[in-house]
Enquirer: 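Could you have a look at this structure, given as C-alpha cells, before my questions?
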Amino acid sequence: MPQITLPDGSTRSFDNAVTIAEVAASIGEGLAKAALAGRVNGVLVDTSHSVEIEAEVAIITERDAEGIEVLRHSCAHLMAQAVQRLFPKAQVTIGPVIEDGFFYDFSYERPFTPEDLIAIEKEMGVLVKENLRVDRTVLSREDAIALFQEKGETYKVEIISSIPGDEDLSFYRQGDFIDLCRGPHVPSTSKFKAFKLTSVAGAYWRGDSNNEMLQRVYGTAWGSKKDLNLYLQRLEEAEKRDHRKLGKSLNLFHFQEEAPGMAFWHPKGWTIYQIVQRYMQVRQDATNYKEINTPQLVDYSLWEKSGHAAKFADEMFSVESDNRMYAIKPMNCPCHIQVFNQGLKSYRDLPLRLAEFGSCHRYEPSGSMHGLMRVRSFVQDDGHIFCTEDQIQAEVADFMDLLFSVYTDFGFDDVILRLSTRPEKRVGSDEIWDEAEKSLKDALNATGLPWELVPGEGAFYGPKIEYSLKDCMGRIQQCGTIQVDFFTPGRLGAHYIAEDNSRKTPVMLHRAVLGSFERFIGILIEHYAGAMPAWLAPEQAIILNITDKQSQYCTEVEESLKNKGFRVTTDLRNEKIGFKIREHTLQKIPYLLVVGDKEVESGSVAVRKRGGEDLGPMTIDDFCEYLSQDVARLGRSEESTVAD
RNA sequence: GCUCGCAUAGCUCAGGCGGUAGAGCACUCCCUUGGUAAGGGAGAGGUCCCCGGUUCAAUUCCGGGUGUGAGCACCA
C-alpha cells in the first residue's frame with residue numbers, strides 16, 4: 001500500500017504498487033505526458049519504476065535540470081541507434097552527458113563526415129516519429145557478454161567485463177537497439193523536441209593516445225526549440241567574443257607561420273599588456289615581493305639538476321652554441337633559486353619573495369595551441385617564495401588576499417578554488433606531503449569559501465591550489481596557482497642557517513595570480529568582448545572634428561588630455577561625423593569627443609560613450625575629471641564590466 | 001602528437017569538373033566641409049601557403065610539408 005509524498009508536501013495513497021508514470025497520470029494528463037523520469041527518495045528512476053511502499057516521489061520533466069540530463073543521455077542513445085541503422089558496422093562504445101549536451105563515441109571503418117552528421121540527425125527525427133518505447137531490462141553479466149559478443153560489439157564486451165562486482169547490469173532497449181546503461185532514460189523516443197548534432201571529431205578509446213581513435217559525435221538537446229535556439233545564440237555570442245577574432249579586428253596582435261604559438265603584439269595590444277604588467281608590479285611591490293630578472297638561456301645542466309629535463313625534455317627548446325647546450329627557459333624557478341643561493345641566507349631572511357616577469361618558452365604540442373590562450377612563448381606574473389615549513393600557511397593566506405583583490409580589480413568576482421593533492425609519481429615522503437596538503441587545506445578553509453578536492457592532480461614536487469575565475473559567459477578559466485615545493489630547492493643546493501645554527505633547506509612556493517599575461521589578456525578580451533574598461537583601453541578617447549575648421553582646437557585638446565596622462569588620439573580625416581562615430585565605435589574606444597564650432601566657441605567637447613549614450617558637452621577639465629574617475633574604478637564598476 | 005577539415009587581395013569571403021581569378025570593406029587620388037553608426041567618383045592592389053608529382057598546361061588533380069580550426073591526448 002504505497003503512500004506517496006509529493007514535493008509540495010501533499011500525499012497520495014494507492015492500493016497497489018504504482019509506477020512513476022501512473023503517479024504522474026493521477027496528478028494530471030499534462031504531467032503524465034511531460035514525465036521524463038522520477039525521483040524516489042532522492043534516487044532518479046525511470047517512469048516505469050514501480051513504487052511499492054511509502055516514499056517521497058517527484059515527477060521529473062524537462063523543467064528540471066535532472067530532466068534535461070536524462071533527456072540528453074537518452075538523446076545520445078537515440079543518436080547511437082540512428083548511427084547503427086545507417087552504418088550497421090559501427091560499434092558503440094560510450095555516450096555520456098556533458099555540459100550543454102552529450103556525445104557518443106563510435107568505432108567505424110572511416111571517419112564520419114559533416115554529411116553523415118546531417119543524415120544521422122535526419123534518422124534521429126525518423127526514430128522520434130516512430131515513437132519507440134524505451135524499456136529497461138536486467139541481464140546477468142554472462143548473458144550480457146554473450147549478447148554483445150553475438151552482436152560483434154567488442155568495445156561493449158570490454159566495458160561490461162571491466163565493471164567490477166558481479167551484480168546484474170541494466171540495459172535499455174528501444175526497437176532493435178540495446179545499450180548497457182545505468183539510466184534512467186526517457187520512456188519513449190517521442191520525447192525529443194529539440195536536438196542538434198554539433199560536431200564530429202576523433203577521440204581516443206578510454207582517453208589513451210595509445211589506443212584506437214574513435215569517432216566522437218557531439219550533440220545537444222533541450223526541452224524546447226526555444227531553449228535550443230538560446231543555446232545556439234550563446235555559441236554565436238561566444239564566437240563574436242573570440243579573442244583571436246577581436247585581436248585582429250581591434251589590431252591588438254597577430255600570429256604568423258614563422259613563429260607558431262608566439263604572439264606579435266601590436267601597439268594597442270602591447271598597451272594593454274603593459275598596463276596589466278605595471279599594475280601587477282605595483283601590487284607586488286606593495287606586498288613585499290622583490291622583482292628580479294634572470295637569463296632566458298641557461299646551460300642544459302641546470303635543467304638536468306632541477307629534474308625538469310628528465311620530465312619535460314621534449315617540451316623544451318634548446319640551443320647549441322660554442323659546443324654548449326643551452327635550454328631556453330621554460331620556467332623561472334631554477335633561476336630564482338640561483339638568486340637565492342647568492343650569499344648565505346639566514347632564517348631571518350625568510351620568507352623571501354622573489355618575482356619575475358620572465359619570458360618563458362615551451363614547445364607545446366601543435367594541436368594544443370589556441371590563440372593567446374595556449375602559446376609557446378609567454379610571460380607569467382611569476383613569483384617564488386622561499387620560506388620555512390611553519391610559514392607556508394601564512395604565506396598562502398597572504399597570497400590569496402592579493403589574488404582576490406587583483407581579480408576584483410579586473411572585474412572577476414567569482415573565483416573557483418581547487419586543491420590538487422599527491423599524484424602517483426612524486427618525490428618526497430608521505431609525511432611531508434601530509435603536512436603540505438594540510439597547510440593548503442587550512443589556508444583554503446580560512447577563506448570560508450567552498451573549494452574542491454582534486455586527488456592525484458598535484459605536481460610531482462608538491463600539492464597545489466588552482467584558482468579559476470568565471471568570465472561573463474560563465475566559462476571557467478584557470479589563472480592563478482600556488483604550489484608547495486619541498487624538492488627543487490634541495491636539488492639545486494638552496495639552504496639557510498636556522499635559529500639553532502643548523503643548515504636547512506627552504507620550502508619554495510611557486511605562485512602566480514594572473515598566470516600568463518598572454519592567456520589572461522585573452523580572457524580579458526573575451527570577458528569584455530573587446531570593450532575594455534577605461535583603465536585598460538589602449539585608446540581611452542578620440543577627438544573627432546566636424547570640419548577642418550576645428551582641427552587646430554582638436555589638436556590642442558589632444559595635447560592637454562595627453563599631458564594629464566590619458567591615452568587620446570584625434571581623427572581629423574575629411575569624413576562625415578557619422579562615419580567616424582561608426583568606425584571608432586566598432587573599435588570600441590570608450591569615449592568619442594565630438595568637436596564642432598559650438599564646442600570650439602565654448603571650450604568644450606561633446607562626449608559620447610561607445611555604447612551610444614550621449615553625455616552632452618563638457619569642459620575639458622570636467623571631462624578629465626570624469627575620465628579620471630572612470631579609470632580609478634578599474635574593472636570594479638558594474639557599468640564597465642558590461643560590454644557595451 | 002593523433003583524427004578530420006581549412007589555406008584565394010591588407011581584412012571578410014566568392015570562384016573555377018585543369019587554360020595564371022572576382023566582390024564588399026580597407027588603401028591612394030579627385031569631388032564633397034557634412035553635427036552623432038557607412039556621402040560620391042576614379043585608381044592601384046594577387047607567387048591563389050610551400051615543395052614535389054601527373055599533364056602540352058596545375059591556383060584547381062595526386063603526394064609530402066608548414067600553418068590554422070574543432071575535438072582528443074598533453075599542460076612544469
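Per chain, numbering begins at 1; letters A, B, ... match sequence-line order. Computed from a prediction, not measured in an experiment: that's the story for all the values here.
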Enquirer: A/I546 has an atom CD1; how far is it from atom P of B/G39, in whole Å?
Expert: 13 Å
Enquirer: Rounded off to whole Å, could you give me the CG-to-P distance for the A/N211 and B/G1 pair?
Expert: 20 Å
Enquirer: Pick the C1' atom in B/G10 and in B/G71, then give their distance to the nearest Å.
Expert: 32 Å
Enquirer: Taking only the C1' atom of each, what is the distance from B/G65 to B/U20 in whole angstrom?
Expert: 24 Å
Enquirer: To the nearest Å, give me how far apart CZ (A/R519) and C1' (B/A76) are.
Expert: 16 Å
Enquirer: Looking at B/G34, B/G71, B/A37, which one has an atom nearest to any side-chain atom of A/T585?
Expert: B/A37
Enquirer: Anything under 30° is parallel, anything over 60° is perpendicular, the rest tilted; go ahead and classify A/H384 against A/H510.
Expert: perpendicular
Enquirer: For B/U36, does OP1 or OP2 lie under 4.0 Å from any side-chain N or O of A/Y591?
Expert: no
Enquirer: With both distances under 3.5 angstrom, what nucleotide forms a Watson-Crick or G-U wobble pair with B/A73?
Expert: none
Enquirer: Using the P atom as the reference point in each nucleotide, state the distance between B/G43 and B/C6 in Å, no decimals.
Expert: 36 Å
Enquirer: Does A/R608 place a side-chain N or O at less than 4.0 Å from the phosphate oxygens OP1/OP2 of B/A37?
Expert: yes
Enquirer: Which part of the nucleic acid, if any, lies within contact of A/Y363, taking any heavy atom under 4.0 Å across all strands shown: a base, the sugar-phosphate backbone alone, or nothing?
Expert: sugar-phosphate
Enquirer: For A/R244 and B/A70, is the shortest distance between a side-chain N/O and OP1 or OP2 below 4.0 Å?
Expert: yes
Enquirer: Expressed in whole Å, how much space separates the C1' atoms belonging to B/A42 and B/U68?
Expert: 38 Å
Enquirer: According to the Watson-Crick and G-U wobble definitions, with both distances under 3.5 Å, which nucleotide is paired to B/C61?
Expert: B/G53
Enquirer: Return the value, rounded to whole Å, for the distance between atom CD of A/E364 and atom P of B/A73.
Expert: 16 Å
Enquirer: Between A/G202 and A/Y461, who's closer to the 5' end of RNA chain B by nearest nucleotide?
Expert: A/G202
Enquirer: Taking only the side-chain heavy atoms of A/E599 (C-beta and beyond), determine which of B/C72, B/G35, B/C4 contains the nearest atom.
Expert: B/G35
Enquirer: Answer yes or no: is there an ion pair linking A/E526 with A/R475, defined by an N-O contact shorter than 4.0 Å?
Expert: yes
Enquirer: In plain terms, say whether A/R422 and A/E437 are close enough for a salt bridge, that is, a side-chain N and a carboxylate O under 4.0 Å apart.
Expert: yes
Enquirer: Taking only the side-chain heavy atoms of A/K464 (C-beta and beyond), determine which of B/C72, B/A76, B/A70 contains the nearest atom.
Expert: B/A76
Enquirer: Please measure how far the P atom in B/G5 lies from the corresponding atom in B/G41, and state the result in whole Å.
Expert: 44 Å
Enquirer: Test for a donor-acceptor pair under 3.5 Å between the base of B/C75 and the side chain of A/R374, counting only N and O atoms.
Expert: yes
Enquirer: Before accepting this row, confirm whether a basic side-chain N of the pair A/K329/A/E356 lies closer than 4.0 Å to the acidic partner's carboxylate O.
Expert: yes
Enquirer: Please name the nucleotide paired to B/G45 by Watson-Crick or G-U wobble geometry with both distances under 3.5 Å, or report none.
Expert: none
Enquirer: When you match A/M331 and A/E257 each to their closest nucleotide on RNA chain B, which lands nearer the 5' end?
Expert: A/E257
Enquirer: Hey, does the side chain of A/S366 come within less than 4.0 Å of B/G1's phosphate (OP1/OP2), counting only N and O?
Expert: yes
Enquirer: If we ignore hydrogens and angles and just use 3.5 Å, is the side chain of A/R610 paired with the main-chain N or O of A/K588 as donor and acceptor?
Expert: yes
Enquirer: Just checking A/P111: base, sugar-phosphate only, or nothing, at a heavy-atom cut-off of under 4.0 Å?
Expert: sugar-phosphate
Enquirer: Could you give the distance separating B/C27 and B/G46 at their C1' atoms, to the nearest angstrom?
Expert: 15 Å
Enquirer: Categorize A/E466 for me: base, sugar-phosphate, or nothing, with a 4.0 angstrom heavy-atom threshold over every strand shown.
Expert: nothing
Enquirer: Report the nucleotide, chosen from B/C2, B/G34, B/U68, that has the shortest atom-to-atom distance to any side-chain atom of A/Y204.
Expert: B/C2
Enquirer: Only pairs with both distances under 3.5 Å count, Watson-Crick or wobble alike; so what is the partner of B/A38 in this structure?
Expert: none
Enquirer: Counting only side-chain heavy atoms from C-beta out, which of B/C75, B/C72, B/A38 sits nearest to A/R582?
Expert: B/A38
Enquirer: If you only use heavy atoms from C-beta on, which nucleotide in B/A70, B/C74, B/A76 is closest to the side chain of A/Q483?
Expert: B/A76
Enquirer: Assess A/R376 against A/Y363: is NZ or CZ under 6.0 Å from the centre of the six-membered ring, and within 45 degrees of the ring's axis?
Expert: yes
Enquirer: Is A/L586 touching bases, backbone alone, or none of the nucleic acid, heavy atoms closer than 4.0 Å?
Expert: base
Enquirer: Could you please name the option among B/G35, B/G71, B/G39 that lies closest to any side-chain atom of A/D597?
Expert: B/G35
Enquirer: Just wondering, do A/F106 and A/V217 contact through their side chains at under 4.5 Å, heavy atoms?
Expert: yes
Enquirer: Can you tell me how far P in B/A38 sits from the matching atom in B/G45, rounded to whole Å?
Expert: 31 Å
Enquirer: Calculate the interatomic distance between A/K588 atom NZ and B/A37 atom P; express it in whole Å.
Expert: 17 Å
Enquirer: What is the separation between atom OH on A/Y108 and atom C1' on B/U3, rounded to the nearest whole Å?
Expert: 16 Å
Enquirer: Considering every strand and a 4.0 Å limit on heavy-atom distances, what is the contact class for A/G307: base, sugar-phosphate, or nothing?
Expert: nothing
Enquirer: Select base, sugar-phosphate, or nothing to describe what A/T547 touches, counting heavy atoms under 4.0 Å on all strands.
Expert: base
Enquirer: For this output row, return yes or no: ring centroids of A/F87 and A/Y108 closer than 6.0 angstrom.
Expert: yes
Enquirer: Quick check for you: among B/U68, B/G35, B/G71, whose closest atom lies nearest to any side-chain atom of A/Y218?
Expert: B/G71
Enquirer: Just call it for A/G578: base, sugar-phosphate, or nothing, with non-hydrogen atoms closer than 4.0 Å on any strand.
Expert: sugar-phosphate
Enquirer: Whether the side chain of A/S439 engages the backbone of A/E435 through a donor-acceptor N/O pair (distance < 3.5 Å, no angle test) should be reported.
Expert: yes
Enquirer: Can you see if the side chain of A/K248 gets near the phosphate of B/U12 - specifically, an N or O under 4.0 Å from OP1 or OP2?
Expert: yes
Enquirer: Looking at the side chain of A/I577, which of B/U68, B/A38, B/G35 is the nearest nucleotide?
Expert: B/G35
Enquirer: Is it the case that the base of B/U33 and the side chain of A/D548 share a donor-acceptor contact (distance under 3.5 Å, atom types as modelled)?
Expert: yes
Enquirer: B/U68 P sits how many Å from A/R376 CZ, rounded?
Expert: 8 Å
Enquirer: Respond yes when some side-chain nitrogen or oxygen of A/H370 is under 4.0 Å from OP1 or OP2 of B/A70, and no when none is.
Expert: yes
Enquirer: With a 3.5 angstrom cut-off on both distances, give the Watson-Crick or G-U wobble partner of B/G18, or none if there isn't one.
Expert: none
Enquirer: Does atom CD of A/E109 have more than 12 heavy-atom neighbours from other groups under 6.0 Å away?
Expert: yes
Enquirer: Could you please name the partner base of B/G5, counting Watson-Crick and G-U wobble pairs only when both distances are under 3.5 Å?
Expert: B/U68
Enquirer: Is A/F312 stacked on the base of B/A76 when the test is centres under 5.5 angstrom and planes under 30 degrees?
Expert: yes
Enquirer: Any strand counts, and the cut-off is 3.5 Å on both contacts for Watson-Crick or G-U wobble. Which nucleotide pairs with B/A26?
Expert: none
Enquirer: Using the C1' atom as the point on both nucleotides, what is the distance between B/G24 and B/G15, in whole Å?
Expert: 15 Å
Enquirer: Please state how far atom CD in A/E583 lies from atom P in B/A37, giving the value in whole angstrom units.
Expert: 14 Å
Enquirer: Counting only side-chain heavy atoms from C-beta out, which of B/G39, B/A76, B/G34 sits nearest to A/P330?
Expert: B/A76
